[in-house]
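Just below is one structure, and these are the notes that go with it.
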There are 2 protein chains.
Amino acid sequence: MKRREHILVVSLALFNSEGEANLSAVDIANELEISPGNLYYHFKGKEEIVSELYEKFEAGFELLLQDGMETGAGLEEYWLYLYVILEHIHNFRFFFRNITDLLQKYQSIEPRFRRLMEKQSRWVRQLLTGLLEEGVIVHPHLAAERIERLTDSIMLLFTYWYQFQNLRNRKLDQHDFIQSAILQIMTLLAPYMGDQQLQFMEACLNLYQREKQG
Amino acid sequence: MKRREHILVVSLALFNSEGEANLSAVDIANELEISPGNLYYHFKGKEEIVSELYEKFEAGFELLLQDGMETGAGLEEYWLYLYVILEHIHNFRFFFRNITDLLQKYQSIEPRFRRLMEKQSRWVRQLLTGLLEEGVIVHPHLAAERIERLTDSIMLLFTYWYQFQNLRNRKLDQHDFIQSAILQIMTLLAPYMGDQQLQFMEACLNLYQREKQG
DNA sequence: GTCTATAAGTAGATAGAC
DNA sequence: GTCTATCTACTTATAGAC
């Protein structure tokens, strides 16, 4: 079972760096320095590899979302969850490189991915109402409809920030990817914050910055 | 030259509905009810077809952006440009269905597409400063940095709104696609607006709505 | 301009020897 | 478990007849 696991690890790394669509089963076998036949002994094909990687992605993601939902969580913890969710997305970033075609190709994943996104959507909505209750964000016009649109903007960001940065030729390492995403999410919320909260936000961002240089 | 043009029209329709990656030269020929050999007589291959479609997309887009830049434009005109730009994007939506892989496959398009996006980015920035000058949006914290982030959010939306809606199984017709995008952009700006401007915004949206039903 | 026929290349998959 | 050899299916691309 060790080789099987090894195939998954190497495949994930390859998919992340080259893109799933650009790799054949033979390419993966070459990178592993085994024969294609051997690869097919362990997995029915590329489809089974992608499927198992998705299982891992989904399982990990659901854990994060459940944790974040259950513990009514303080403010700082929300930002922490933001961080680890983005980290998880970055670890499986090949899924987000060309979602449309990937889900069309692997149709068994499609409904599950969609459910997962809906779950994440609920998580974001809860984050927003949480921030409202804590008084972090406050605004006369923050009606239910506005919360929905804001949720969509944040989901759009989670889902396509990686593609967007690549499209603009920004090859960010994991830390910069996460930080830029969090900065962007915070900017979406900033107009709803008071001066005090804005200062706290900037302090958070500085902290991330220092953490990186350190 | 009539057949050549016909090939482009049919290819665009096919690409938009099925996705460029899912169509071979033979598929296109079948839809046209001509032989593959004939298709290859008119175009070197799928690449040349995609290239010419991109030319059309780029040329039309640059016209729209230039117009919007030059005429310092009143407020209502900005919203109108928003509409026609989204319309143009929707007409060539296959480019936005899986941008990452498409630009990797057709590398001659990549730098041009990136330049076009930068131009659009400048247009958005000008839209925002225009709205600021007109007093439509106003906020103590709307510093240059904030404008940049807001520009990014709007560009993200322009670029991936189509994919995002599809991912969520929303198969919108052209009008609903455009309207949902404009609503989303307006919601990004809403927290920077005063009550009066918000009412005007809602009036605009109602107008779109009526236009559709009528 | 349009067709048929076919070459050349590649990804996916399996059989059978070791 | 691992390998070599091979087969199918598909896409792109071209040659040459009409």
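Predicted model, so just to flag it, every value in this text is computed and none were measured. Each chain gets a letter, A, B and so on, in the order its sequence line appears, and its residues count up from 1.
Near DNA chain C, defined here as any heavy-atom distance below 4.0 Å, there are no residues from residues 11-18 of chain B. DNA chain C lies under 4.0 Å from no heavy atom of any residue of residues 48-56 of chain B.
Rounded to whole Å, atom C1' of C:dT2 lies 14 Å from atom CD of B:Glu33. Straight-line distance from the CD1 atom of B:Ile34 to the C1' atom of C:dT4: 14 Å, rounded to whole Å. Rounded to an integer number of Å, the gap from B:His6 NE2 to C:dG1 P is 15 Å.
The heavy-atom pair separating B:Leu53 from B:Phe92 by the smallest distance is O-CE2, 3.6 Å.
The shortest distance between side-chain heavy atoms of B:Leu82 and B:Phe158 falls below 4.5 Å.
For B:Arg149, the side chain to side chain donor-acceptor pair (under 3.5 Å) partners at least two apart in sequence or on another chain are A:Gln184, B:Glu145, B:Asp152. By the side chain to side chain donor-acceptor pair (under 3.5 Å) test, B:Gln104 pairs with A:Asn22, A:Arg97, sequence neighbours left out. By the ring pair (Phe, Tyr, Trp, His ring centres under 6.0 Å) test, A:Tyr54 pairs with A:Phe95, sequence neighbours left out. By the ring pair (Phe, Tyr, Trp, His ring centres under 6.0 Å) test, A:Tyr192 pairs with A:His139, sequence neighbours left out. With sequence neighbours excluded, no residue satisfies ring pair (Phe, Tyr, Trp, His ring centres under 6.0 Å) with A:His42. With sequence neighbours excluded, the residues forming a ring pair (Phe, Tyr, Trp, His ring centres under 6.0 Å) with B:Phe164 are B:Trp161, listed by chain and number. Partners of A:Glu47 by salt bridge (charged side-chain N to carboxylate O under 4.0 Å, His left out), not counting sequence neighbours: none found.
Checking the phosphate oxygens (OP1, OP2) of D:dG1, no side-chain nitrogen or oxygen of A:Arg4 falls inside 4.0 Å.
Residue pairs meeting the salt bridge (charged side-chain N to carboxylate O under 4.0 Å, His left out) criterion with at least one member in residues 102-117 of chain B, sequence neighbours excluded: B:Glu20-B:Lys105, B:Glu55-B:Arg112, B:Glu58-B:Arg112, B:Glu110-B:Arg114.
Remark: the backbone N or O of B:Asp101 is not paired with any side-chain donor or acceptor of B:Asn98 at under 3.5 angstrom. B:Asn166 places no side-chain N or O within donor-acceptor distance of the main-chain N or O of B:Gln163, the cut-off being under 3.5 Å.
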- Going 5' to 3' along nucleotides 4-18 of chain D, which nucleotides have protein heavy atoms under 4.0 Å from the base (write B), which only from the sugar-phosphate (write S), and which from neither (write -)? B------SBBB----
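Comparing the helix axis at one end of the helix from C:dG1-D:dC18 to C:dC18-D:dG1 with that at the other, each defined from 5 consecutive pairs, gives an inter-axis angle of 10° (nearest 10°).
In this model, no donor atom of one side chain and acceptor atom of the other lie less than 3.5 Å apart for A:Asn38 and A:Ser35.
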